[in-house]
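A short write-up of the structure that comes next.
Atoms considered below: every heavy atom in the structure, side chains included; atoms not considered: hydrogens, waters and symmetry mates. Keep in mind it's a predicted model, so treat the numbers as computed, not measured. Throughout, a chain's letter reflects where its sequence line sits, starting with A, and its residues are numbered from 1.
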Amino acid sequence: MTELAKTYTPQAFEGKWYQYWMDQKFFHAEPNSDKEPFTIVIPPPNVTGVLHMGHMLNNTIQDVLVRKARMEGKNACWVPGTDHASIATEAKVVQMLRERGIKKSDLSREDFLKYAWEWKEKYGGIILDQLKKLGASCDWDRTRFTMEPKLSEAVIEVFIDLYNKGLIYRGLRMVNWDPLGKTALSDEEVIHKEVQSKLYYIKYFMADGSGEFVTIATTRPETILADVAICVNPSDERFKAIVGKKVWVPFLKREIPVIADDYVDMDFGTGCLKVTPAHDVNDYALGQKYGLPVIDILDENGFLNADAKDERYIGKDRFAVRKQIAIDLVEAAHILKIEEYKNQVGTSERTGAVIEPRLSLQWWVDMKKFMERNPQVLEAVMSDEIQFHPAKMKNTYKHWIDNIKDWCISRQLWWGQRIPAWYNESGNFVGVGKTAEEALINRANTNDFAKAKADETTPNTQHPTPNAQHPTPNTQHPTPNAQHPSPNALHQDEDVLDTWFSSWLWPISVFDGFENPENEDIKHFYPTNDLVTAPEIMFFWVARMIMAGYEWRGEKPFSNVYYTGIVRDKQRRKMSKSLGNSPDPLDLIAQFGADGVRMGMLICSPAGNDILFDESQVEQGRNFANKIWNAFRLVKSWEVKPDNGFKPEIIISNNISANWFAGRLLQALIDIEDKYKGYKLSEALMGVYKLIWDDFCAWYLEMVKPVYGEPMNESTFNQTIAFFEELMKLLHPFMPFITEEIWQSMATRKAGSSICIEPYPIPRNAQSPDLSRVFETIQQIRNLRNSKGLSPKIAFEISIKANDKSLYEPYNFLIQKLANISAIHYVLVQPDGAILLPVGTDEVFIGLSLKIDLVADREKIEQEIIYLEGFMKSVNAKLSNAKFVANAKPELVEKERQKKADAAQKIEILRKNI
RNA sequence: GGAGGCAUAGCUCAGCUGGUUCAGAGCAUCUGCCUUACAAGCAGAGGGUCCGCGGUUCGAACCCGUGUGCCUCCACCA
């Protein structure tokens, strides 16, 4: 037998076994199987991403679920892949180009995309290799990319389909504009942050030259150059006189009207609002309502354009102008005062830039209509057809669905799926189609509804507001050209689609469910089983996948959604690159082993709770691996001989120990399965941890361990190996590497075998002896040794006075072995001068004359008596309460009576002891 | 501004439909041990007004109300 290292060295095994698993194709699944499918699609990480702690947690959980399912004999399929992440990736490419001295604006679309693909080929997919280090059992043959040709085709088809169904429209609307990314964003991509800013009180002088003025409070003085009106509340007495009159915009001397509308809050600021339709969502609504002009003074970069009219500011950044104009206003005596003010500003999720509300023509999905077609999207979640873990997430989901808004899906970027809309030479919309030809044909064939929708709107036509939340639905398409142009004269929309417009198809598109809706893969693997993701993308992704599932498959995309928490550091700060508080996952793996890291991440991360990561947890994981390793070393070291060479007592004793452990194993299996069912993975892992460390190592192995130098009998050895094997299988989903290594070396295995595909342990009947009194006796004796400074090496005799001897006598060998007792006597009265240890309502006597701190002992016992007497009192109170006896369940009353009797007996024992 | 959630040991969390599992676990702490598998270990111990205050009930960590403190999500008050 080869010597095993004293400590477990993960580096020696992890690479080897991962390679083996790959070679043997254990992770690959085909639909031609009688096995029940079990599918997970990975939340595709950004193609340019690098593994961070969040990924580690998320993918460890997925791997646990998949590995367990695989061992349960299911056709387990975990589909990996990456997301093209249009904004994030484009931003990175732009930055890379800038470093090389190339400006994006100097490149053609084609050239830029060439660079982007180059970048993707070079850095894309690093993260997938990193996942392998973690042990992720993905079906790598199925790796997909959201921008690969087939998936892009699906996206385009879906766009066309939605357009034909009348669910997509193009509209001039206020959008969230990211001046850094130079693109529109959906509401979900905007993060509101509280910032400290200033509230400027600015004087607007009456245009009649009277010298009178009104004061307006604003946080954005630069937008006064885009003002088109002043608005007050109609019932505000202070301003009644000026409604209908005109004021001058500071500096510009442009005359603008004073209007009145209920929207204005009389109590806020000065009760007087400046109206800037081009740069504020509410102002835009007001502008629409009162037919005000729109003056847009900002360009796509957030710089002031010529429409600002004031030379001092044109061509300058909005924030620079804000500072400058404030100074200029003060100088011109236009400022009454400036106050510190806290308010919320929207920022871009990707670039961090402050969002600018901007009027622009974008493509939208009509979500209200979409939801009307697919009511199951909400119903399925509320009825637990799709289960959320934790369930409290259902509230958040419902709230979003109930207040759903149209989805802005066009992005002014190049990296992504180009919108399949076509325009004629004068820029007028012609139609939608994969090609110009198709767009023309499609236009002719477009169903009546879509055609009507496309035709009904001409610029500047207003429609009644169907919903107060959508002040400006103003759906419009430029009037299509009456005569059909030739395809050559058409040009395609310059914009691409929102990344999430491809991600929402992921569970379907990875199985080519759009290209070929009846193919074997999708029929077998869809709907998928579990989705593991972060709560912050519930709206971006989870909700929309559910929508897509019902719209195109008529079926839910998954049955369970497990929301992970955010990984934070000990101070509860979110782990992030910028804070530098996130350890490099690969370093951690190198240091503690993948198994240790997996265990460290999972041991304290209940679903939906943030996990406070600390390296000590990973250390705990490593220690656990080491513990298992050493248990294995022990078992391996035994010299095994046939049973007939042993005394029968030894065989009998060992059988008792084995039976006891079998019972513990049974109970643990049931408990652990229960935890899995509730997706309480941390608790399931804890169950395995305690079963292995406490029950198996600390108790069972010590029970059967031969004295040093003695051999082990064969049947017990085999039984122990069988237990060990069960434990390894139980642990395998959590710690795949060490379990494989040990499983492979604990017995001779067939070529091509693996614990990965071994059957997951199922509960088996076991008759387990009740050793609770025996264990308590052992613990009491150990405790005594500890407190009295008695070496464990000194053996002594004990006497037991028990109500029921059968709870002790058959197990004498255990007490002797584990507490180092030389002999056990059963007595009816207390031996003279013996020390008493209470064990339940029984008494254990130690016949040693020891130097004992009598006072301290006595105090302790007296305290215990006081406690028990108090306890008796409360039990008595219960029992003498007629209402309790009448109302409580009879077995409960009986229990109370038993408790009373036990307590009385214990008190008696303790009294005697004093 | 709206909605939701949380508060139990030093830390992270269990605690199902109210009753004994005299409120549990892991980690951390403390005390003894280098006992031939493991010091990344062994044996043991201590540690809690279940956030405050009311109420319902025979009985409350659990149900209701209220206060306080934290967190998350949503949101266009200049």
Side-chain angles (χ1 to χ4, degrees), chain A residues 4 6-8 174 187 192 199 216-220 223 231 263-265 267-276 280-285 341 343-344 346 357 390 392-393 395-396 398-400 403 469 471 535-536 538-539 566 570 572 592 596 603-606 608-612 614 616-617 619-620 622-638 678 680 682-683 686 689-690 697-698 701-702 705 708-709 779 782-787 789 791-793 820 867-868 870-871 874-875 877-878 881-889 892-893 895-896 898-899 903:
Chain A
L4 294 177
K6 207 170 164 182
T7 46
Y8 175 63
M174 269 307 201
D187 291 339
H192 290 90
L199 195 56
I216 287 158
T218 180
T219 52
R220 303 197 55 189
T223 62
C231 191
Y263 165 73
V264 178
D265 179 351
D267 300 326
F268 187 88
T270 60
C272 198
L273 172 77
K274 68 191 207 58
V275 183
T276 321
D280 185 278
V281 180
N282 298 302
D283 292 11
Y284 182 69
Y341 185 68
N343 66 340
Q344 300 274 332
K392 63 182 177 187
M393 297 294 180
N395 291 325
T396 317
K398 181 172 192 302
H399 185 258
W400 186 76
N403 296 287
Q469 299 236 303
E536 61 250 42
M538 185 195 289
F539 310 133
I566 295 165
K570 276 258 160 179
R572 286 203 173 268
F592 297 100
I603 196 69
C604 61
S605 60
N609 277 29
D610 287 357
I611 101 155
L612 267 61
D614 188 80
S616 66
Q617 287 152 231
E619 221 168 281
Q620 193 188 348
R622 178 203 56 181
N623 294 353
F624 184 42
N626 196 51
K627 180 75 188 175
I628 298 165
W629 181 250
N630 277 290
F632 181 59
R633 278 180 63 219
L634 172 69
V635 174
K636 266 291 216 192
S637 73
W638 288 336
K680 298 183 168 184
S682 297
E683 290 178 48
M686 183 59 79
Y689 177 79
K690 286 199 279 191
C697 294
L701 288 180
E702 293 299 332
K705 185 162 112 182
Y708 184 67
Q779 278 167 326
R782 285 171 175 174
N783 189 2
L784 182 90
R785 284 184 189 275
N786 247 313
S787 58
S791 163
K793 287 174 189 162
N820 194 17
Y867 180 83
L868 280 169
F871 175 66
S874 84
V875 175
K878 260 189 219 176
N881 182 330
K883 279 188 179 169
F884 171 74
V885 179
N887 294 338
K889 281 180 245 162
L892 193 71
V893 178
K895 248 181 176 174
E896 293 292 323
Q898 188 58 48
K899 278 184 327 197

How close or far is atom C1' of B:rA28 from atom CD of A:Gln617, stated in whole angstroms?
-> 12 Å

To the nearest angstrom, the CG-P distance between A:Leu612 and B:rC70 comes to 17 Å

Watson-Crick and G-U pairing of RNA chain B written in dot-bracket, each distance under 3.5 angstrom, with | for inter-strand partners = (((((((..((((.....[....)))).(((((.......))))).....(((((..]....))))))))))))....

Determine the interatomic distance between P on B:rA25 and the same-named atom on B:rG44; round to the nearest Å.
-> 13 Å

Considering only the C1' atoms, how many Å lie between B:rC63 and B:rU57, rounded to the nearest integer?
-> 10 Å

Ignoring the backbone of A:Asn343, work out which of B:rC27, B:rU12, B:rA78 is nearest its side chain.
-> B:rA78

Taking for each residue the nucleotide of RNA chain B bearing the nearest heavy atom, is the 5' side occupied by A:Glu536 or by A:Gly269?
-> A:Glu536

Separation of the P atoms in B:rA43 and B:rG4, to the nearest angstrom = 49 Å

Let me know the distance between CZ of A:Arg782 and C1' of B:rG44, rounded to the nearest Å.
-> 9 Å

Are A:Thr218 and A:Leu199 side-chain neighbours, meaning at least one heavy-atom pair lies under 4.5 Å?
-> no

Could you tell me the separation between the OG atom of A:Ser682 and the CD1 atom of A:Ile611, rounded to the nearest 0.5 Å?
-> 8.0 Å

Grab the two heavy atoms, one from A:Arg220 and one from A:Pro357, that are nearest each other, plus how far apart they are.
-> NH1-CD, 4.2 Å

Any chance you could measure A:Gln617, atom CD, to A:Glu619, atom CD, to the nearest 0.5 Å?
-> 10.5 Å

Starting from P on B:rA37, measure out to OH on A:Tyr708 and report it in whole angstrom.
-> 8 Å

Side chain of A:Lys690 (C-beta onward), nearest among B:rA45, B:rA25, B:rA37 | B:rA25

Please name the pair of heavy atoms, one in A:Arg785 and one in A:Ser791, separated by the smallest distance, quoted to 0.1 Å.
-> NH1-O, 2.8 Å

Go through the side-chain N and O atoms of A:Lys398 and A:Thr396 and say whether any donor and acceptor fall under 3.5 Å apart.
-> no

Select base, sugar-phosphate, or nothing to describe what A:Asp265 touches, counting heavy atoms under 4.0 Å on all strands.
-> base

Among the nucleotides B:rU35, B:rA75, B:rA37, whichever has the atom closest to the side chain of A:Leu701 is B:rA37

Out of curiosity, A:Trp638 CH2 to A:Lys705 NZ, how far, rounded to the nearest 0.5 Å?
-> 8.5 Å

Sort me out a list of protein N/O and nucleotides 39-42 of chain B N/O pairs below 3.5 Å, or just none if empty.
from   : atom 1 : to       : atom 2 : distance (Å)
B:rA40 : O4'    : A:Asn623 : OD1    : 3.0
B:rA40 : O2'    : A:Asn626 : ND2    : 3.0
B:rA40 : N3     : A:Arg622 : NE     : 3.2
B:rG41 : OP1    : A:Asn623 : ND2    : 3.4
B:rG41 : O3'    : A:Lys627 : NZ     : 3.2
B:rC42 : OP1    : A:Lys627 : NZ     : 2.6
B:rC42 : OP1    : A:Trp693 : NE1    : 2.8

Is A:Phe632 touching bases, backbone alone, or none of the nucleic acid, heavy atoms closer than 4.0 Å?
-> nothing

Rounded to whole angstrom, note down the P distance from B:rG19 over to B:rA78.
-> 50 Å

Just wondering, do A:Cys231 and A:Val264 contact through their side chains at under 4.5 Å, heavy atoms?
-> yes

Contact class for A:Val264 (heavy atom, under 4.0 Å): base, sugar-phosphate, or nothing?
-> base

Considering only the P atoms, how many Å lie between B:rA7 and B:rC13, rounded to the nearest integer?
-> 10 Å

I would like to know whether A:Leu273 and A:Tyr263 meet side chain to side chain contact (heavy atoms under 4.5 Å, CB included); could you show each step before the answer?
-> CA-CA 10 Å; A:Leu273 172 77; A:Tyr263 165 73; 3.8 Å; yes

For A:His192 and B:rA75, give me the distance from atom NE2 to atom C1', rounded to whole Å.
-> 7 Å

Whole Å only: how far is the CG atom of A:Asn395 from the P atom of B:rC74?
-> 14 Å

Is there a side chain to side chain contact (heavy atoms under 4.5 Å, CB included) between A:Asp280 and A:Tyr284 once you walk through the steps?
-> CA-CA 6 Å; A:Asp280 185 278; A:Tyr284 182 69; over 6 Å; no

Short side-chain N/O contact to B:rA78 OP1/OP2 from A:Tyr341, under 4.0 Å = yes

Think A:Asn403 has a side-chain N or O under 4.0 angstrom from the OP1 or OP2 of B:rA75?
-> no

Look at the side chain of A:Glu702 and decide which nucleotide, out of B:rA37, B:rG5, B:rA78, has an atom nearest to it.
-> B:rA37

On RNA chain B, nearest-nucleotide positions of A:Lys705 versus A:Ser787: which is more 5'?
-> A:Lys705

Interatomic distance where CG belongs to A:Asp187 and P belongs to B:rA75 [whole Å] = 6 Å

To the nearest 0.5 angstrom, please state how far the OH atom of A:Tyr689 sits from the CD atom of A:Glu683.
-> 15.5 Å

Take the protein atom CE of A:Met686 and the nucleotide atom C1' of B:rC13, then report the distance between them rounded to whole Å.
-> 9 Å

Minimum-distance nucleotide (side-chain atoms of A:Phe268 versus B:rA43, B:rC77, B:rC74) = B:rC77

State, yes or no, whether a side-chain contact exists between A:Trp629 and A:Thr7 at a heavy-atom distance under 4.5 Å.
-> no

Check whether any side-chain nitrogen or oxygen of A:Tyr689 sits under 4.0 Å from OP1 or OP2 of B:rC27, and answer yes or no.
-> yes

Select base, sugar-phosphate, or nothing to describe what A:Leu273 touches, counting heavy atoms under 4.0 Å on all strands.
-> base

How is A:Gln779 classified with respect to the nucleic acid when contacts are heavy atoms under 4.0 Å: base, sugar-phosphate, or nothing?
-> sugar-phosphate

Expressed in whole Å, how much space separates the C1' atoms belonging to B:rC62 and B:rU8?
-> 11 Å

Span that lies between the C1' atom of B:rG65 and that of B:rU29, in whole angstrom | 40 Å

Write down the distance separating the C1' atoms in B:rU49 and B:rA61, rounded off to the nearest Å.
-> 12 Å

Residue A:Lys680, side-chain heavy atoms: nucleotide from B:rU35, B:rG15, B:rA75 that is nearest = B:rG15

Among B:rG44, B:rC74, B:rG4, find the nucleotide with the atom closest to the side chain of A:Asn783.
-> B:rG44

